[in-house]
Novice: 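Right, I'll just put the structure down here and ask away after.
In this text, all values refer to a predicted model and were calculated from it rather than measured experimentally.
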Protein chains: 2
Amino acid sequence: MGRPRVTSFDVAREAGVSQSAVSRAYTPGASVSAKTRDKVFAAAQKLGYQPNAIARSLISRRSNMVGLVMADVVNPFYPPVLELFMRNFREQGQRVMLFLGGHNQDVDELLPQVLEYQVDGIVITSSTLSSEMAAYCNKLGTPITLFNRYVPNARVDSVCSDNIDAARNIADLFITAGHKRLAYISGQVNTSTNQDRQKGFFSRVEERRQPMPAMAEGDWSYQSGFDAALKLFTAEKLSSGEYPDAVFCANDLMGLGALDAIRCKLNLRVPDDVSVIGFDDTDSCSWHNYRLTTIRTPVEKMVASAVENMIARINNPEKEIIAALEQSLLIVRDTARLPEQISMPFIKDPKPDTAG
Amino acid sequence: MGRPRVTSFDVAREAGVSQSAVSRAYTPGASVSAKTRDKVFAAAQKLGYQPNAIARSLISRRSNMVGLVMADVVNPFYPPVLELFMRNFREQGQRVMLFLGGHNQDVDELLPQVLEYQVDGIVITSSTLSSEMAAYCNKLGTPITLFNRYVPNARVDSVCSDNIDAARNIADLFITAGHKRLAYISGQVNTSTNQDRQKGFFSRVEERRQPMPAMAEGDWSYQSGFDAALKLFTAEKLSSGEYPDAVFCANDLMGLGALDAIRCKLNLRVPDDVSVIGFDDTDSCSWHNYRLTTIRTPVEKMVASAVENMIARINNPEKEIIAALEQSLLIVRDTARLPEQISMPFIKDPKPDTAG
DNA sequence: ACCCTGTTTGCATAGGTATTCAAAATTGTT
DNA sequence: AACAATTTTGAATACCTATGCAAACAGGGT
């Protein structure tokens with residue numbers, strides 16, 4: 001069915017040179033005279049020739065493809081991450097094979113599918129992999145980089161944001177600002193991201209000898225944040241005035257849900273009655289109606305360093321393992337009462353003064 | 001640097017069979033006895049062998065990879081589309097090479113990069129391609145499917161939603177419900193999606209001999225919707241009561257921006273003073289605070305048919321060209337006053353009655 | 001024991017390019 | 001003009017798997 005493809009031999013014949021010459025014409029820095037290169041390109045143009053990257057990969061043992069395994073593109077944290085990875089890899093001349101649905105369980109089943117294609121490297125976001133699989137990739141010589149996940153003593157690179165540290169800082173902010181009844185709305189409890197954020201928050205509260213925060217379980221979704229807030233603010237707590245006065249939400253989506261519940265359904269004022277802080281600095285946080293105070297992870301920097309490191313490792317497998325841990329930034333908007341002195345890096349995102 | 005790879009020959013030697021036997025063991029339906037297959041798998045297991053998809057692609061002339069060119073993953077309409085494409089292609093045993101930033105201008109430059117890799121087919125979302133490029137792909141025998149874009153007489157498949165029809169229906173709804181001063185907030189004006197929605201809306205208004213809608217230009221973003229609303233509702237229009245009483249926004253993001261402007265900044269009531277309708281049925285439309293009435297494009301169905309058709313065409317290049325045009329669905333929420341009789345397919349999305 | 005049928009097997013080759021090596025062509029030097 | 005030094009060229013081979021073909025094999029029936 002496939003029409004006969006035009007190969008480097010066809011071009012060679014047309015141009016009156018050898019196949020090697022054609023190959024060299026397309027290899028930057030190879031030894032060809034300008035004259036033959038021109039002949040080759042002219043012939044290629046005429047025949048509609050284009051080098052076959054598959055054949056090239058086979059012989060050069062370099063596919064110029066990387067695998068990108070993403071946990072969940074629907075969570076609004078990830079599309080920008082995906083876009084950044086695409087852009088950065090493109091700048092490095094790497095194509096991207098995308099794989100979705102890589103939760104921890106799946107990754108081990110997924111990886112063979114990507115290894116088949118002889119990718120030069122694999123980036124895995126927000127999932128871990130078994131140590132056997134890590135060892136196997138190592139044996140194949142395929143470098144792995146974990147993004148937003150860390151595996152203590154495996155031979156894999158990782159670049160993460162310091163969730164624990166950020167969450168500890170949130171606790172400090174709440175406490176120092178004088179909040180007395182803290183609460184936490186969790187993400188899916190079995191994810192390491194949630195565990196880190198929760199651990200950081202609770203451990204710092206404990207260190208400062210404050211009462212343990214109330215907690216409600218969510219699953220990262222808007223609706224779960226909404227529901228969780230309603231669980232934290234029961235009717236009896238509302239009437240007794242014992243309801244939380246500071247809620248830390250494990251991500252923005254739940255933060256927005258909580259905000260809607262607190263303001264629209266419970267008729268409390270934010271931040272006067274309750275402070276709310278989210279995590280991720282998703283686009284919708286800056287919408288006029290929300291202006292959610294939140295934590296921004298330095299994704300641009302993280303992706304850039306993940307890609308840069310991947311390329312470096314492809315070129316030098318002996319390169320030392322990196323384990324980057326980036327610090328986050330507090331984005332100050334209008335949903336939290338904060339202390340005079342803010343104990344972590346922050347920026348204020350002013351309310352845009354739109355013409356009108 | 002690369003350690004020596006383990007090939008089918010190594011496995012053959014280990015298992016005491018020929019290389020062909022190894023190949024056949026991995027080819028479903030090939031002629032191998034159960035006994036040799038077992039020997040092969042045992043040896044493969046022992047050596048850590050895995051077939052090389054690159055070499056396989058080279059000889060079988062089938063890469064089992066498709067190219068997916070997406071215009072813009074950051075626009076919240078697309079992540080679900082991407083996820084659906086990934087899932088559907090995976091079910092068909094196809095890997096996906098992703099390419100971003102495929103706006104109309106770029107596509108022609110981008111395609112050669114994907115064709116290099118001998119993909120079995122290419123899906124292009126929300127962008128057109130030049131007829132030369134279409135002809136070139138045709139010559140190579142690489143099928144193209146356009147998603148959400150249509151090119152009249154090119155040999156490419158397309159599956160679209162009927163934006164014109166949906167927009168005409170919006171006009172009908174507004175008019176029949178008794179709105180008198182319509183308005184339109186546009187997306188980027190040079191995109192075909194915007195052109196269709198605008199054209200449908202305006203043409204139907206004209207047919208029904210109503211005054212032409214006011215219009216403000218946006219760029220699909222939340223902020224642009226906010227700003228556009230402020231332009232439509234100037235101070236003088238507000239004081240004279242001449243402000244629009246029905247706003248159709250070319251997508252949801254702008255609809256939400258407009259909604260925030262209208263309610264929070266202009267202090268008008270929705271839908272009592274103003275009706276607002278969006279487009280896409282993005283997640284945030286259903287948030288309690290917004291409950292935006294909008295149009296849902298049947299993306300699941302569209303993606304499924306795009307993929308199904310792609311696979312069919314790969315297997316039979318002579319298959320007739322399809323040009324699917326799917327009808328959209330009105331999602332009735334709380335931001336628009338609607339007539340008794342709704343003239344298009346619709347569903348009501350009830351306010352969830354959350355426990356609390 | 002034989003032949004006939006149907007299944008398995010291995011050999012050899014193809015698929016399209018990159019690269020080594022030695023030969024050929026070019027350039028520069030005196 | 002002759003030679004050395006350098007650049008350019010082509011032939012041959014390797015990368016790893018799938019598959020057509022003919023040979024080997026197993027099984028059934030007489």
Side-chain angles (χ1 to χ4, degrees), chain A residues 1-40 43-44 47-65 115-120 140-141, chain B residues 1-41 43-44 47-65 115-120 140-142:
Chain A
M1 37 186 147
R3 352 245 168 303
R5 299 190 199 182
V6 25
T7 77
S8 55
F9 279 100
D10 301 324
V11 176
R13 192 177 325 115
E14 175 74 26
V17 299
S18 72
Q19 182 267 331
S20 327
V22 177
S23 171
R24 285 194 262 255
Y26 284 94
T27 307
S31 168
V32 222
S33 68
K35 196 164 41 165
T36 49
R37 192 181 7 235
D38 291 347
K39 280 195 290 185
V40 167
L47 301 182
Y49 169 78
Q50 210 189 1
N52 182 328
I54 293 289
R56 190 214 303 277
S57 303
L58 183 58
I59 186 143
S60 67
R61 291 148 158 276
R62 264 271 224 151
S63 63
N64 291 310
M65 299 192 298
L115 289 168
E116 266 194 331
Y117 278 86
Q118 316 297 116
V119 293
D120 294 338
L140 292 182
Chain B
M1 39 185 145
R3 353 246 167 300
R5 299 190 200 180
V6 24
T7 77
S8 55
F9 278 101
D10 301 325
V11 176
R13 191 178 324 116
E14 175 75 26
V17 298
S18 72
Q19 181 267 331
S20 328
V22 178
S23 171
R24 285 194 260 257
Y26 283 96
T27 308
S31 169
V32 222
S33 67
K35 195 163 43 165
T36 49
R37 195 185 1 241
D38 291 348
K39 279 195 290 186
V40 167
F41 286 159
L47 302 182
Y49 168 78
Q50 211 189 0
N52 181 327
I54 293 287
R56 190 213 305 277
S57 303
L58 183 58
I59 189 149
S60 67
R61 289 149 160 276
R62 264 269 225 156
S63 62
N64 292 311
M65 298 192 298
L115 289 168
E116 265 194 333
Y117 278 85
Q118 315 298 113
V119 293
D120 293 338
L140 292 182
T142 307

Novice: Keeping the roles fixed (side chain from Asp120(B), backbone from Arg62(B)), state whether a donor-acceptor pair exists under 3.5 Å.
Specialist: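 Judged by distance alone, no pair lies under 3.5 Å.
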Novice: Any idea which heavy atoms bring Asn52(B) and Arg5(B) closest together, and the distance?
Specialist: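 Answer, listing the atom of Asn52(B) first, then Arg5(B): ND2-NH1, 3.3 Å.
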Novice: Is the distance from OP1 or OP2 of dA18(C) to the nearest side-chain N or O of Ser23(A) less than 4.0 Å?
Specialist: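 True: Ser23(A) side-chain N/O within range (under 4.0 Å) of dA18(C) OP1/OP2.
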Novice: Between CG of Asp10(B) and CD of Gln19(B), what distance do you get to the nearest 0.5 Å?
Specialist: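 Between atom CG of Asp10(B) and atom CD of Gln19(B) there are 11.0 Å.
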Novice: Would you indicate which nucleotide in dT19(C), dC15(D), dG16(C) comes nearest to any side-chain atom of Leu58(B)?
Specialist: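 Selected nucleotide (nearest to the side chain): dG16(C).
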Novice: Starting at CG of Asn52(A) and ending at C1' of dA14(C), how long is that distance when rounded to a whole Å?
Specialist: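 Roughly 14 Å, once rounded to whole Å.
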Novice: Please give me the minimum heavy-atom distance between Val40(A) and Val11(A), naming the atom from each residue.
Specialist: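 So the minimum-distance heavy-atom pair works out to O-CG1, 3.8 Å.
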Novice: Expressed in angstrom and rounded to an integer, what is the separation of Glu116(B) atom CD from dA18(C) atom C1'?
Specialist: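 After rounding, the gap between these two atoms is 15 Å.
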Novice: Nearest heavy-atom pair of Val6(A) and Tyr49(A): which atoms, and what distance?
Specialist: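 What the structure gives for the nearest pair is O-CD1, 3.3 Å.
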Novice: At under 4.0 Å, does any side-chain N or O of Ser60(B) touch on OP1 or OP2 of dA18(D)?
Specialist: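 The answer is no; no side-chain N or O of Ser60(B) sits under 4.0 Å from OP1 or OP2.
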Novice: Given atom OH of Tyr26(B) and atom C1' of dT19(D), what is their separation to the nearest angstrom?
Specialist: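 Distance check: Tyr26(B) OH to dT19(D) C1' gives 18 Å.
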Novice: Taking all heavy atoms of Tyr117(A) and all of Met65(A), pick out the closest pair and write down the distance.
Specialist: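 The pair with the smallest heavy-atom distance is O-CE, 3.5 Å.
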Novice: Would you kindly give the CG-to-P distance between Leu140(A) and dC16(D), to the nearest whole Å?
Specialist: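 Atom CG in Leu140(A) sits about 13 Å away from atom P in dC16(D).
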Novice: Does a nitrogen or oxygen in the side chain of Tyr117(B) sit under 4.0 Å from OP1 or OP2 of dG16(C)?
Specialist: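 Tyr117(B) to dG16(C) OP1/OP2: no side-chain N or O under 4.0 Å.
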Novice: Any chance you could measure Ile59(A), atom CD1, to Ile54(A), atom CD1, to the nearest 0.5 Å?
Specialist: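 It comes to 14.0 Å.
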Novice: Keeping to residues at least two apart or across chains, list the side-chain hydrogen bond (donor to acceptor under 3.5 Å, both in side chains) pairs with something in residues 23-35 of chain A.
Specialist: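 The answer is Ser33(A)-Thr36(A).
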Novice: Compare every heavy atom of Ser63(A) with every heavy atom of Ser57(A), then report the nearest pair and how far apart it is.
Specialist: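 Distance-wise, the nearest heavy atoms are OG-CA, 3.4 Å.
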Novice: Go through dT8(C), dA18(D), dC15(D) for me and flag the one nearest to the Ser33(B) side chain.
Specialist: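 Of the candidates, dT8(C) comes closest.
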Novice: Roughly, in whole Å, what's the span from CZ in Arg37(A) to P in dT7(D)?
Specialist: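 Distance check: Arg37(A) CZ to dT7(D) P gives 15 Å.
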Novice: Would you mind reading off the distance between Arg56(B) atom CZ and dA14(C) atom P, rounded to a whole angstrom?
Specialist: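 My rounded result for the distance is 21 Å.
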Novice: Taking atom P of dA18(D) as reference, at what distance in whole Å does atom CD1 of Ile54(B) sit?
Specialist: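 My rounded result for the distance is 13 Å.
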Novice: Would you indicate what Val22(A) reaches in the nucleic acid, counting non-hydrogen atoms under 4.0 angstrom: base, sugar-phosphate, or nothing?
Specialist: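 Touches nothing.
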Novice: If you fit an axis to the five pairs at each end of the helix from dA1(C)-dT30(D) to dT30(C)-dA1(D), how big is the angle between those two axes, to 10 degrees?
Specialist: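 Axis angle across the helix from dA1(C)-dT30(D) to dT30(C)-dA1(D), nearest 10°: 30°.
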Novice: Using a 4.0 Å heavy-atom cut-off, does Ser31(B) contact any base of the nucleic acid, only the sugar-phosphate backbone, or nothing at all?
Specialist: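 Touches a base.
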Novice: Arg61(A) has an atom CZ; how far is it from atom P of dT19(C), in whole Å?
Specialist: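 One finds 12 Å between P of dT19(C) and CZ of Arg61(A), rounded.
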Novice: Is there any protein nitrogen or oxygen under 3.5 Å from a nitrogen or oxygen in nucleotides 10-13 of chain C, and what are the pairs?
Specialist:
{"residue": "dG10(C)", "atom": "OP2", "partner": "Ser18(B)", "partner atom": "N", "Å": "3.1"}
{"residue": "dG10(C)", "atom": "OP2", "partner": "Ser18(B)", "partner atom": "OG", "Å": "3.0"}
{"residue": "dG10(C)", "atom": "N7", "partner": "Arg24(B)", "partner atom": "NH2", "Å": "2.7"}
{"residue": "dG10(C)", "atom": "O6", "partner": "Arg24(B)", "partner atom": "NH1", "Å": "3.4"}
{"residue": "dG10(C)", "atom": "O6", "partner": "Arg24(B)", "partner atom": "NH2", "Å": "2.8"}
{"residue": "dC11(C)", "atom": "N4", "partner": "Ser20(B)", "partner atom": "OG", "Å": "2.8"}

Novice: Kindly give the heavy-atom pair with the smallest separation between Ala21(A) and Val32(A), and that separation in Å.
Specialist: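 Heavy atoms of Ala21(A) and Val32(A) come nearest at O-CG1, 4.4 Å.
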